[in-house]
A.B. asks: 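This is the structure, below, for whatever I ask next.
Remember, predicted model here, so these are calculated numbers, not experimental data.
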Amino acid sequence: MLDVKFIRDNKDFVKERLAIKNFKEIAIVDEIIKLDDDSKIIKRKIEDAQMQVNANSAQIPALIKEGKKDEADVLREKVIALKSVINNAKPELETLEKLLRDQLLKLPNLPSIKVPAGKTPEDNIIVREGGTKPTLPANAVPHWDLAKKYNLIDFELGNKITGSGFPVYINKGAKLQRSLIQYFLDFNTAAGFIEYQPPLMVNENSAFGTGQLPDKEGQMYFANADNFYLIPTSEVPLTNIYRDEIVKENELPIKMTAYTPCFRREAGSYGKDVRGLNRLHQFDKVEIVQLVHPEKSYDVLEEMVLHVEKLLQSLMLPYRILKLCGGDMGFTSALTYDFEVYSAAQQKWLEVSSVSNFEAYQTNRMKIRFKDINNKTQLVHSLNGSSLALPRIVACLLENNQTENEILLPEVLHNYFGNKTIS
RNA sequence: GGAGGGGUGCAGGAGUGGUUGAACUGGCACGCCUGGAAAGUGUGUAUAGGAGAAAUCCUAUCAAGGGUUCGAAUCCCUUCCCCUCCGCCA
């Protein structure tokens, strides 16, 4: 959520930036300022009246003690009159504040000045590429065929137990998943991230804090009886660990990592884009989250990009890093880098990580703050990234490393997996 | 799920209708003391919004929301959370 004061002081800048994100309802900016003005006027009226209520009430006990009942009664009447002024003004204030908040929530985060203009994924900028695309054997097949051939993943079985998009990992397939999770977590904790195992369901406040609510509830599974949402990413519980907290400056940066399954409804997409592991309703992901000093967030963003890049390099996968254009960015992000790996048999780039700086957009909602050297409280900046999302990594590992009768695993996984190949 | 007891500031913990934003203790910060430290001692130590150049002042906040009252941390209602006992259970 953007700060009203900032919007007031930087009205034109805000409008200009929103346009980069292809935000259409620019008029909301002026509405917000008007609503803020109006609610301030009423608020002052109420506070003035309340001040008099308090002052008059405070005199009553003394008067009663001195036996001046009549005077006390006069004050009593006066306060009752003031109260009705307050009670009449209150609904109006509430209406204005609700409207103001609703409008504020409609504004996405402002894209950083580093964000390129553009509307579609074609406008994203390729920052750099790494690794080399493999030359596959003549009989190479996509990962869903390999999964069947080596009995690693059963998609049909998942259909039976739950529904489409809930695969069952079997035997070496399951162990490959486990190896990757453990490798990723070890890689992250070695870089100073603290490992967490957060809840997989969150309440409304948490879903609101990271920006899933309002408006995006349709993307999450919802446990109706208890009002809990299944997490779409561990970003949600991890970042909310610090909701409503004020930390000391020397506690920053706060670095967290977690492995969790992620649940996404993603209604309405079928066909070859979602075949196999390409898009699932439940998938595993290891996430990294940082809460940092606002002056450092862009340096930290670059650091996190390098961190994820190293991880991909260690897996020997061909990858590329994209800087997202304004039109392709998420609602809450100020700058986002996407990582894609090349799935050689499908001949497609698959997104496996998205690393973003949210600046103070999330932390303003969650009120995550720190005390600076002048003892002033300021919002921290939040960042997160996947390191990494498992299914598409698995898809690429299988496809890119296939030979006639086995799949070669990258060296970093040998110990975790207990074998150098899948056969 | 049933029965009972609770939720107060950074922490412990007073406070059951009237200057209580909140005693006291501890923690922390700064100062004094010291060669240095400990001990001792003094001061300070919430958040949000508003007014003001500033000092400072005003409003709200004692789990959350609503109510009673001239006045609520204190009384009533609802929700959430914690503890004890019982039930169920990996």
A.B. asks: Step by step, work out the ring-ring contact (aromatic ring centres under 6.0 Å, His included) result for F370(A) and H293(A).
C.D. replies: CA-CA 8 Å; F370(A) 73 101; H293(A) 192 288; 5.0 Å; yes
A.B. asks: Would you call the rings of F222(A) and Y229(A) parallel, tilted or perpendicular, where under 30° means parallel and over 60° means perpendicular?
C.D. replies: tilted
A.B. asks: Go through residues 239-250 of chain A and report each residue with a non-hydrogen atom lying under 4.0 Å from RNA chain B, sorted by number.
C.D. replies: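 Nucleic-acid contacts, sorted: I246(A).
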A.B. asks: When rounded to the nearest Å, what value does the distance between P atoms of G26(B) and U43(B) take?
C.D. replies: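 The same atom, P, in both gives a distance of 14 Å.
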A.B. asks: Would K323(A) count as a cation-pi partner of Y337(A), with NZ or CZ less than 6.0 Å from the six-membered ring centre and within 45° of the ring normal?
C.D. replies: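 Cation-pi check for K323(A) and Y337(A): fails.
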A.B. asks: Show the distances under 3.5 angstrom between N or O atoms of the protein and N or O atoms of nucleotides 53-59 of chain B.
C.D. replies:
residue : atom : partner : partner atom : Å
U59(B)  : OP1  : N54(A)  : ND2          : 3.2

A.B. asks: Output the rounded distance in Å from CZ (F370(A)) to P (C10(B)).
C.D. replies: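 To the nearest whole Å, that distance equals 18 Å.
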A.B. asks: R365(A) has an atom CZ; how far is it from atom P of A48(B), in whole Å?
C.D. replies: 19 Å
A.B. asks: Side chains of N405(A) and S423(A) only: does a donor on one sit below 3.5 Å from an acceptor on the other?
C.D. replies: no
A.B. asks: Just to be sure I understand: a Watson-Crick pair is purine N1 to pyrimidine N3 plus N6-O4 or O6-N4, both under 3.5 Å. Using that and G-U wobbles, which stems of three or more pairs involve RNA chain B?
C.D. replies: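 Looking at RNA chain B, the stems formed by three or more consecutive pairs are B:1-7 with B:80-86, B:10-12 with B:24-26, B:27-32 with B:40-45, B:46-51 with B:56-61, B:63-67 with B:75-79.
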A.B. asks: Below 4.5 Å, heavy atoms only, C-beta onward: do V14(A) and F6(A) meet side chain to side chain?
C.D. replies: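 When only atoms from C-beta onward are counted, F6(A) and V14(A) do touch, with a gap below 4.5 Å.
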A.B. asks: Any donor-acceptor pair under 3.5 Å linking the side-chain atoms of E287(A) with those of Y196(A)?
C.D. replies: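 No, E287(A) and Y196(A) have no side-chain donor paired with an acceptor closer than 3.5 Å.
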A.B. asks: Using atom CD1 of I60(A) as one end and atom P of U19(B) as the other, report the distance to the nearest whole Å.
C.D. replies: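 Result: 13 Å.
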A.B. asks: On a whole-Å scale, what distance lies between the P atoms belonging to C75(B) and U16(B)?
C.D. replies: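 Going atom to atom, P in each nucleotide, I get 9 Å.
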A.B. asks: Does a salt bridge link D38(A) with K34(A), judged by any charged N lying under 4.0 Å from a carboxylate O?
C.D. replies: yes
A.B. asks: Using ring-ring contact (aromatic ring centres under 6.0 Å, His included) as the criterion, point out the one residue from F339(A), F184(A), F187(A) that pairs with H307(A).
C.D. replies: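 Result: among F339(A), F184(A), F187(A), F187(A) is the only option passing the ring-ring contact (aromatic ring centres under 6.0 Å, His included) with H307(A).
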A.B. asks: What I want to check is whether the side chains of E359(A) and N109(A) have a donor and an acceptor closer together than 3.5 Å.
C.D. replies: no
A.B. asks: Both K83(A) and K40(A) contact RNA chain B. Taking the nearest nucleotide for each, which residue is further toward the 5' end?
C.D. replies: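 Going by which nucleotide is closer to the 5' end, it is K40(A).
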A.B. asks: Distance between the P atoms of C30(B) and A37(B), in whole angstroms?
C.D. replies: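 Here C30(B) and A37(B) have their P atoms 12 Å from each other.
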A.B. asks: For V53(A) and for R44(A), locate the closest nucleotide of RNA chain B by heavy-atom distance; then report the residue assigned to the nucleotide nearer the 5' terminus.
C.D. replies: R44(A)
A.B. asks: Determine whether D37(A) and R8(A) satisfy the following criterion, salt bridge (Lys or Arg N to Asp or Glu O under 4.0 Å), listing intermediate values before the conclusion.
C.D. replies: CA-CA 10 Å; D37(A) 286 339; R8(A) 301 185 76 100; 2.4 Å; yes
A.B. asks: Separation of K367(A) atom NZ from A64(B) atom P, in whole Å?
C.D. replies: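 Computing the K367(A):NZ to A64(B):P distance gives 16 Å.
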A.B. asks: Take atom P in G6(B) and the same atom in U74(B), then report the distance between them in whole Å.
C.D. replies: 14 Å
A.B. asks: What integer number of Å spans the P atoms of C89(B) and C77(B)?
C.D. replies: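 Looking at atom P only, C89(B) and C77(B) are 35 Å apart.
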A.B. asks: Determine the Euclidean distance between corresponding C1' atoms of G15(B) and C85(B); express it in Å to zero decimal places.
C.D. replies: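 Straight-line distance between the two C1' atoms is 29 Å.
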A.B. asks: Calculate the interatomic distance between N56(A) atom CG and G18(B) atom C1'; express it in whole Å.
C.D. replies: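 That distance rounds to 14 Å.
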A.B. asks: Using the test salt bridge (charged side-chain N to carboxylate O under 4.0 Å, His left out), find all partners of K68(A) that sit at least two apart in sequence or belong to another chain.
C.D. replies: E66(A)
A.B. asks: At 4.0 Å (heavy atoms only), tell me whether K43(A) reaches a base, stays on the sugar-phosphate, or touches nothing.
C.D. replies: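 The residue K43(A) makes sugar-phosphate contact but no base contact.
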A.B. asks: Does A46(B) have OP1 or OP2 sitting under 4.0 Å from an N or O in the side chain of T377(A)?
C.D. replies: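 Looking at the OP1 and OP2 atoms of A46(B), neither is under 4.0 Å from any side-chain N or O of T377(A).
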A.B. asks: Can you name the salt bridge (charged side-chain N to carboxylate O under 4.0 Å, His left out) partners of E303(A), sequence neighbours left out?
C.D. replies: none
A.B. asks: Give, for atom NZ of K5(A) and atom CG of N10(A), the distance between the pair rounded to the nearest 0.5 Å.
C.D. replies: 12.5 Å
A.B. asks: Do R365(A) and F208(A) form a cation-pi contact, if we require the NZ or CZ to be under 6.0 Å from the six-membered ring centre and within 45 degrees of the ring's axis?
C.D. replies: yes
A.B. asks: Could you state the CG-P distance from N205(A) to C81(B), rounded to the nearest angstrom?
C.D. replies: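 One finds 12 Å between P of C81(B) and CG of N205(A), rounded.
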A.B. asks: Heavy atoms within less than 4.0 Å of RNA chain B: which residues of residues 69-78 of chain A have one? Give them sorted by number.
C.D. replies: R76(A)
A.B. asks: Only one of K348(A), R392(A), E399(A), H143(A) clears side-chain hydrogen bond (donor to acceptor under 3.5 Å, both in side chains) with S343(A); which?
C.D. replies: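 Of all the options given, the one that passes is E399(A).
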A.B. asks: Say we look at G13(B) and A23(B): how far apart would their C1' atoms be, to the nearest angstrom?
C.D. replies: 10 Å
A.B. asks: Between K371(A) (NZ) and A46(B) (C1'), how many Å, whole number?
C.D. replies: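 Rounded to whole Å, this separation is 7 Å.
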A.B. asks: Atom CD of E251(A) and atom P of C10(B): how far apart are they, to the nearest Å?
C.D. replies: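 Computing the E251(A):CD to C10(B):P distance gives 14 Å.
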A.B. asks: Which whole number of Å gives the distance between the P atom of A22(B) and that of U59(B)?
C.D. replies: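 Per the computed distance, 13 Å lies between those P atoms.
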